[in-house]
Amino acid sequence: MRTVHIDASTKYDVLIGEGLLDRCGELSAKVIKPCKCVLVSDDTVDELYGDRAQISLSYAGFEVKRFTFPAGEGSKHLGTLSNLLEYMARERMTRTDVVVALGGGVTGDMAGFAAAVYARGIRFVQIPTTLLAAVDSSVGGKTAVDLKAGKNLAGAFHQPSLVITDTDVIRDLPADQLACGAAEVIKYGVLYDEALFAQLEKGDWQDDMDGIVEKCVQWKRDVVAGDEFDTGARAFLNLGHTFGHAIEQCSGLSVSHGQGVAIGMLMAACAAGCPDDMVLRLAKCVAANGLKTHCDYPADKLAAAALSDKKRAGGSIALVLPERIGKCYLKKIPVTELKDWFDRAIERMEALGV
Ligand code: GLY
């Protein structure tokens with residue numbers, strides 16, 4: 001088992017290894033005295049892994065209550081959050097109890113937000129079951145739900161007390177879900193780590209799942225240690241997100257987050273004027289990991305969708321732009337220029353045939 005220690009306002013470990021789901025109770029009990037816990041998952045994950053998590057937690061002494069909701073980003077709204085909070089209240093959970101988020105980013109974000117606000121804040125444990133959640137959203141304490149006007153518009157910073165990633169579960173993911181997570185791994189490569197990028201380019205990285213997850217979590221640890229509350233360098237983690245969120249919004253959320261980020265990174269590279277060979281290398285890596293490279297939406301619709309992005313600050317927005325593989329920079333632009341950036345990205349992608 002690998003351990004990455006996160007040094008944030010709450011200090012905690014991210015445990016990474018095979019077979020950890022069946023040990024989640026024992027591992028949680030080392031940091032949280034057994035108490036009442038609400039095990040939150042969507043109906044798909046609940047059917048696959050809910051019983052195993054419950055057995056392990058119960059065996060370790062936790063009194064387990066289960067809350068499930070329909071799978072999908074469409075459930076990440078105030079209505080589901082409200083149902084969860086009311087459920088916790090009906091089960092008479094108190095400040096000393098715990099929320100356990102078993103699932104992907106939607107579950108982690110929503111259960112984490114419930115933990116952040118229930119009784120003014122209770123502890124929570126993340127058990128990510130997607131690669132995307134394992135390498136990004138389960139670590140660093142960002143919790144949220146979507147509003148009609150945009151993704152993640154209502155949320156809070158609330159660090160988990162423990163993150164448990166069972167890499168057997170990640171390896172078992174369907175190909176499209178693994179591809180979504182691969183987009184976030186490619187993102188760390190483009191941001192910080194050319195060697196990691198090269199591993200993803202080769203496509204044999206799944207044999208080294210524990211190492212890949214650990215490497216990404218170590219990058220995330222460094223970012224969170226430097227800027228927990230997202231007022232500075234944490235913004236780099238938004239590489240591909242301004243463009244990608246706009247694609248997700250335009251698709252009515254039928255394009256997944258990872259897919260949106262993958263195309264978004266390509267758009268960022270194109271709009272930033274990166275050399276052709278670098279853009280084509282990035283496109284090849286994205287495609288090699290089962291992700292589309294083509295953007296189906298026009299610049300004016302994308303720019304309108306991007307205006308609801310919470311990364312916008314008043315009249316400006318900070319874009320994360322690649323300089324080369326392994327190095328990016330931030331560029332603040334007036335929101336009135338957004339459409340030009342989308343135009344430039346789309347024209348260049350068309351010219352390069354990606
Ligand atoms: N997912 C981006 C961040 O944690 O800041």
Side-chain angles (χ1 to χ4, degrees), residues 1-6 14-18 104-105 128 130-140 163 165-167 170-171 173 175 177-227 233-241 243-244 256-269 272 274-275 277-291 293 320-330 354:
M1 180 170 75
R2 300 167 193 236
T3 303
V4 181
H5 183 70
I6 309 294
V14 180
L15 311 177
I16 302 155
E18 295 166 6
T130 64
L131 180 59
L132 191 146
V135 300
D136 184 36
S137 59
S138 65
V139 182
V163 182
T165 298
D166 183 339
T167 44
I170 308 294
R171 261 189 221 91
L173 285 167
Q177 291 225 26
L178 212 48
C180 281
E184 294 284 346
V185 182
I186 295 170
K187 184 188 82 177
Y188 286 109
V190 177
L191 281 172
Y192 308 116
D193 193 335
E194 185 165 13
L196 178 63
F197 184 86
Q199 217 178 334
L200 267 281
E201 261 177 324
K202 278 197 237 120
D204 62 352
W205 56 274
Q206 290 167 31
D207 297 338
D208 184 25
M209 186 66 81
D210 292 27
I212 290 276
V213 173
E214 181 186 33
K215 176 50 78 187
C216 294
V217 173
Q218 284 169 338
W219 283 118
K220 183 102 193 225
R221 168 201 63 197
D222 294 350
V223 172
V224 170
D227 180 24
R234 191 164 178 169
F236 278 93
L237 296 178
N238 294 327
L239 171 64
H241 283 58
F243 297 96
S256 68
H257 179 67
Q259 178 61 80
V261 168
I263 302 174
M265 285 190 286
L266 269 167
M267 294 182 85
C274 291
D277 59 345
M278 187 199 137
V279 174
L280 293 171
R281 187 180 171 199
L282 178 55
K284 225 170 136 191
C285 182
V286 164
N289 284 282
L291 292 154
T293 56
V320 189
L321 302 172
E323 186 177 313
R324 57 176 164 79
I325 302 296
K327 190 164 177 13
C328 292
Y329 60 99
L330 287 176
V354 294

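Side chains of Cys328 and Val190 form a contact here, defined as non-hydrogen atoms less than 4.5 Å apart. Looking at Val139 and Arg221, their side chains never come closer than 4.5 Å, going by heavy atoms from C-beta outward. In this structure, Ile325 and Asp193 have side chains that are not in contact, with every pair of non-hydrogen atoms separated by 4.5 Å or more. Within the 4.5 Å cutoff, the side chain of Asp136 has no heavy atoms near those of the Cys216 side chain. At a threshold of 4.5 Å between non-hydrogen side-chain atoms, the residues Leu321 and Leu239 do not count as touching. In this structure, the side chains of Ile186 and Asn289 come closer than 4.5 Å at one or more pairs of heavy atoms. Val320 has its side chain within reach of Leu191: a pair of non-hydrogen atoms, C-beta onward, lies under 4.5 Å apart. Residues Ile16 and Asp166 are not in side-chain contact: their nearest non-hydrogen atoms beyond the backbone lie 4.5 Å or more apart.
The two residues Pro128 and Ile170 make their nearest non-hydrogen contact at O-CD1, 4.0 Å. In terms of heavy atoms, Met278 sits closest to Arg324 at SD-CA, 3.7 Å. Residues Tyr329 and Pro322 share a closest heavy-atom pair of CE2-O, 3.7 Å. Pairing each heavy atom of Leu282 with each of Ala269, the nearest pair is CD2-CB, 4.1 Å.
The ring pair (Phe, Tyr, Trp, His ring centres under 6.0 Å) analysis of residues 180-226, with sequence neighbours excluded, yields the pairs Tyr192-Trp219.
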How far apart are the C-alpha atoms of Leu15 and Arg2, what are their side-chain angles, what is the distance that settles it, and do they pass the side-chain contact (heavy atoms from CB on, under 4.5 Å) test? CA-CA 6 Å; Leu15 311 177; Arg2 300 167 193 236; over 6 Å; no

Using the side-chain contact (heavy atoms from CB on, under 4.5 Å) rule, take Leu237 and Lys220 through it: C-alpha gap first, then chi angles, then the decisive distance, then the call. CA-CA 9 Å; Leu237 296 178; Lys220 183 102 193 225; 3.7 Å; yes

Using salt bridge (Lys or Arg N to Asp or Glu O under 4.0 Å), reason through Asp222 and Arg234 one step at a time and then give a plain yes or no. CA-CA 10 Å; Asp222 294 350; Arg234 191 164 178 169; over 6 Å; no

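For the atom pair Leu330 CG and Phe236 CZ, the distance stands at 4.0 Å (nearest 0.5 Å). To the nearest 0.5 Å, atoms CG (Leu131) and OG1 (Thr167) are separated by 10.5 Å.
The pair Glu194-Arg281 meets the salt-bridge criterion, with a side-chain N (NZ, NE, NH1 or NH2) lying under 4.0 Å from an Asp/Glu carboxylate O.
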